[in-house]
Novice: 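Handing you a structure now.
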Amino acid sequence: MKIKDLFSVKGKVALVTGGSRGIGEMIAAGFLSNGVKVYISSRKAEACDQKAEQLSSTFGGECISIPGDIATLEGVEALVAEITARESQFDILVNNAGVSWGCPLEEFPEIGWDKVMDTNVKGMFFLTQKMLPLLRAAATHEDPARVVNIGSVDGLKNPRFENFSYGPSKAAVHQLTRQMAAHLVKDNIIINAIAPGPFPTWMLSTGVGFGGETEGVDWEKTGKHNPRGRIGTPEDIAGLAILLCSRAGAFTVGATITCDGGSVARS
Amino acid sequence: MKIEDLFCIENKVALITGGSKGIGEMIASAFLANGAKVYITSRHADQCEATAQRLSERYGTDCIALPGDISKMEDIDALVAAVSEREEKLHILVNNAGASMAASFDDFPEEGWDMVMDINAKSPFFLIQKLLPLMRKAATHEDPARVITIASVGGLKTPKFNNFSYGPAKAAAIHMTRVLGAHLVKENIICNAIAPGPFPTDMLARGISGVGDRKSVDWGKFKDINPRARTGSAEDIGGLAIYLCSRAGAFTVGATITCDGGALAISS
């Protein structure tokens with residue numbers, strides 16, 4: 001029961017969608033630091049390629065860029081074809097790619113609904129569906145394959161922003177997690193969700209008025225609103241993701257775990 | 001971001017109630033195997049001493065018995081005094097001591113209500129209250145003190161047994177975790193709960209066979225009962241407890257995490 005065994009993810013192969021920045025990048029970094037071979041995908045090919053190279057050189061290990069858009073079924077199929085050509089099995093899928101849309105209720109546009117639901121929920125469902133053969137190939141009763149879905153505290157409590165499709169989409173993520181988990185646990189595929197609170201990401205930066213910048217902005221001020229008095233860090237979110245992909249996480253199934261400094265607890 | 005640092009609990013001082021057997025012993029073992037100093041309590045003094053000695057020998061580190069019945073306020077006071085005498089600070093409290101009672105609804109007795117509510121909900125509350133001075137001394141913003149309350153999936157879904165006070169008591173413990181989590185986080189004390197499913201314990205054995213001895217049950221039959229086709233293990237519950245006490249767990253506050261093989265997820 002040593003920590004190095006309980007939480008080992010060494011030698012596993014993972015796909016992290018939206019892995020070129022934000023929470024996806026943090027989880028990719030945590031995996032790479034501990035011996036996982038990590039594929040990252042994102043819509044922008046150049047950013048994805050550059051990030052993979054940067055992560056490989058910073059954390060060691062192998063980070064491979066597979067650009068793609070999981071918001072459409074064609075994008076999902078292209079991505080799965082690409083990784084199937086490279087790997088015969090996947091131990092870990094992190095469904096992290098997500099978008100938001102902020103707009104007053106009266107003017108909230110249809111595209112702001114569809115884009116958010118398609119990326120956050122539909123893309124997650126169909127990517128998991130199309131990845132099943134690869135996940136099944138890695139899954140054993142002793143060490144199941146793992147799917148980690150990134151939800152949000154905005155799917156559990158009222159959001160602070162006018163992101164009217166985002167909260168419902170993340171609530172759907174949490175319920176999809178439970179429903180798929182119940183269905184796939186018999187195939188030794190374990191699905192859980194993480195509901196993050198504030199992290200220093202492009203997405204939050206646009207929400208709090210930092211214009212999408214993540215460096216050189218006053219995250220401390222944002223952190224003061226959180227019960228823990230800070231925002232989340234790579235250690236927080238990657239640590240939880242590693243737990244869920246390790247021996248220690250092999251009996252937690254269909255759960256949604258907050259990583260939010262207590263914002264849901266206080267709401 | 002190495003695993004050894006993310007999940008390190010070395011040199012932390014922990015108190016685990018009901019630590020002489022079952023889930024408490026599993027968590028004690030996981031802590032001891034990774035360098036924590038562990039105090040365990042139990043109503044049964046002999047069993048408490050025997051387990052402490054056995055675990056100390058197995059893991060080559062300090063496991064100390066502090067027998068007492070934490071369902072009584074005077075025993076809580078005595079326990080807190082005993083810990084205070086030995087330690088200047090307490091990093092980890094695991095509220096694990098629990099009890100259940102099964103009887104038909106028509107005949108369910110008052111003592112089966114009071115005893116279960118006292119041990120599962122009231123005791124954790126007052127133990128946290130009285131241990132606050134010791135935990136405040138251990139708490140820093142960087143590395144907060146941690147409280148883990150062992151609840152149950154029985155507090156989240158309808159239990160399988162006629163344990164009518166147990167489910168409500170565990171639901172109370174779960175919500176108390178959220179309320180105290182919100183209240184104590186500003187003092188750098190983080191409260192979370194674990195909701196276990198089936199583990200091969202004397203308590204679950206009593207529910208299944210009527211005999212409070214885990215050897216009376218064929219745990220292999222959980223292959224057909226639990227979604228993960230097994231019961232929980234020390235690695236499952238000990239691993240989750242370590243996470244909650246480590247650097248990795250320092251941003252999860254007031255949460256209740258299932259460790260149930262999917263029993264709750266498949267419930268309708």
Side-chain angles (χ1 to χ4, degrees), chain A residues 1-10 26 29-30 32-34 59 141 144 177-179 181-183 185-186 188 190-191 195-197 227-240 242-243 246-255 257-267, chain B residues 1-9 26 29-30 32-34 141 144 177-183 185-186 188 190-191 195-197 226-240 242-243 246-255 257-267:
Chain A
M1 277 215 286
K2 289 285 187 187
I3 280 165
K4 67 175 169 51
D5 302 318
L6 284 175
F7 298 99
S8 175
V9 286
K10 201 174 173 186
M26 295 180 197
L32 287 164
S33 302
N34 292 287
F59 298 99
H141 184 250
T177 298
R178 179 174 168 162
Q179 192 167 347
H183 191 75
V185 59
K186 61 180 183 302
N188 296 317
I190 290 183
I191 308 186
R228 272 286 273 134
R230 64 170 176 86
I231 55 173
T233 69
E235 288 80 3
D236 299 320
I237 200 86
L240 181 48
I242 289 170
L243 163 77
S246 70
R247 171 63 191 87
F251 205 57
T252 293
V253 177
I257 304 176
T258 49
C259 186
D260 69 336
S263 64
V264 169
R266 197 178 62 179
S267 71
Chain B
M1 282 216 282
K2 291 284 185 188
I3 281 168
E4 296 77 4
D5 304 318
L6 284 175
F7 298 98
C8 181
I9 55 164
M26 294 180 194
S29 301
L32 290 163
N34 292 288
H141 185 250
T177 297
R178 180 172 170 156
V179 171
L180 294 185
H183 190 74
V185 62
K186 59 182 180 293
N188 297 318
I190 290 183
C191 303
N226 186 267
R228 273 286 278 136
R230 63 173 175 88
T231 53
S233 70
E235 287 81 3
D236 299 319
I237 200 93
L240 187 48
I242 288 172
Y243 157 74
S246 70
R247 171 63 192 88
F251 205 57
T252 291
V253 178
I257 304 178
T258 50
C259 187
D260 68 341
L264 178 66
I266 65 157
S267 70

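Letters A, B, ... are given to chains in the order of the sequence lines, protein chains preceding strands, and every chain is numbered from 1. Everything numeric in this text was worked out from a predicted model, so none of it was measured. Heavy atoms only: backbone and side chains are in, while hydrogens, waters and symmetry mates are out.
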Novice: To the closest 0.5 Å, what do you measure between CZ (B:Phe251) and CD1 (A:Ile231)?
Specialist: 7.5 Å
Novice: Measure distances from B:Ile237 to the heavy atoms of chain A and classify the residue's part below 4.5 Å as side chain, backbone, both or neither.
Specialist: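 Neither part.
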Novice: Under a 4.5 Å cutoff for heavy-atom pairs, which residue among A:Gly232, A:Gly30, A:Gly197, A:Ala181 has the most contacts with chain B?
Specialist: A:Gly232
Novice: Does B:Asn226 reach the main-chain N or O of B:Ala263 with its side chain, forming a donor-acceptor pair under 3.5 Å?
Specialist: no
Novice: Without swapping roles, check the side chain of B:Asn34 against the backbone of A:Met1 for a donor-acceptor pair under 3.5 Å.
Specialist: yes
Novice: Using a cut-off of under 4.5 Å on heavy-atom pairs, state which of A:Ala195, A:Ala255, A:Pro144 scores highest against chain B.
Specialist: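 Of A:Ala195, A:Ala255, A:Pro144, A:Pro144 has the most heavy-atom pairs under 4.5 Å with chain B.
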Novice: Select, from A:Gly261, A:Ala248, A:Gly239, A:Ser33, the one with the greatest count of heavy-atom pairs under 4.5 Å involving chain B.
Specialist: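 Option with the top pair count is A:Gly261.
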Novice: Is it the case that B:Asp236 and B:Ser233 place a side-chain donor and acceptor less than 3.5 Å from each other?
Specialist: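 Side-chain D/A pair, B:Asp236 to B:Ser233: present.
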Novice: What part of A:Ile3 gets within 4.5 angstrom of chain B, counting heavy atoms only: side chain, backbone, both, or neither?
Specialist: both
Novice: With chain B, which of A:Asp5, A:Thr252, A:Asp236 has the greatest number of heavy-atom pairs at distances under 4.5 Å?
Specialist: A:Asp236
Novice: Can you tell which part of A:His183 gets under 4.5 Å to a heavy atom of chain B, answering side chain, backbone, both or neither?
Specialist: neither
Novice: Against chain A, label B:Ser246 side chain, backbone, both or neither, depending on which of its atoms sit under 4.5 Å from a heavy atom there.
Specialist: neither
Novice: Check each atom of A:Ala29 against the heavy atoms of chain B and say whether the ones under 4.5 Å are side chain, backbone, both or neither.
Specialist: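 Both parts, heavy atoms under 4.5 Å.
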Novice: Do the side chain of A:Arg247 and the main chain of B:Gly239 share a donor and acceptor less than 3.5 angstrom apart?
Specialist: no
Novice: Out of curiosity, A:Asn34 CG to A:Phe59 CZ, how far, rounded to the nearest 0.5 Å?
Specialist: 10.5 Å
Novice: Can you check whether B:Pro227's main-chain N or O pairs, donor with acceptor, with A:Lys186's side chain at less than 3.5 Å?
Specialist: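 No; zero donor-acceptor contacts below 3.5 Å.
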Novice: Name the region of B:His141, side chain, backbone, both or neither, that has any atom closer than 4.5 Å to a heavy atom of chain A.
Specialist: both
Novice: Give a yes or no on whether A:Lys10 atom NZ has more than 12 heavy-atom contacts from other residues, nucleotides or ligands under 6.0 Å away.
Specialist: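 No, because the 6.0 Å sphere around NZ of A:Lys10 holds 12 heavy atoms or fewer from other groups.
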Novice: Taking the inter-plane angle between the rings of B:Phe7 and B:Tyr243 on a 0 to 90° scale, is it parallel (under 30°), tilted (30 to 60°) or perpendicular (over 60°)?
Specialist: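 Tilted, since the angle between the ring planes falls between 30° and 60°.
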Novice: Under 4.5 Å heavy-atom distance to chain B, tell me which part of A:Ile257 shows up: side chain, backbone, both or neither.
Specialist: side chain
Novice: Side chain, backbone, both or neither: which part of A:Ser263 has a heavy atom under 4.5 Å from chain B?
Specialist: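 Neither part; nothing is under 4.5 Å.
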Novice: Sort B:Cys191 into side chain, backbone, both or neither according to what part of it lies under 4.5 angstrom from a heavy atom of chain A.
Specialist: neither
Novice: Among A:Lys2, A:Arg178, A:Lys4, which has the most heavy-atom pairs under 4.5 Å with chain B?
Specialist: A:Arg178
Novice: Checking A:Ile237 against chain B: side chain, backbone, both or neither under 4.5 Å from a heavy atom?
Specialist: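 Contact with chain B is absent: no heavy atom of A:Ile237 under 4.5 Å.
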Novice: Highest number of heavy-atom pairs under 4.5 Å with chain B: which of A:Asp260, A:Val264, A:Val9, A:Leu6?
Specialist: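 Answer, by heavy-atom pair count under 4.5 Å with chain B: A:Asp260.
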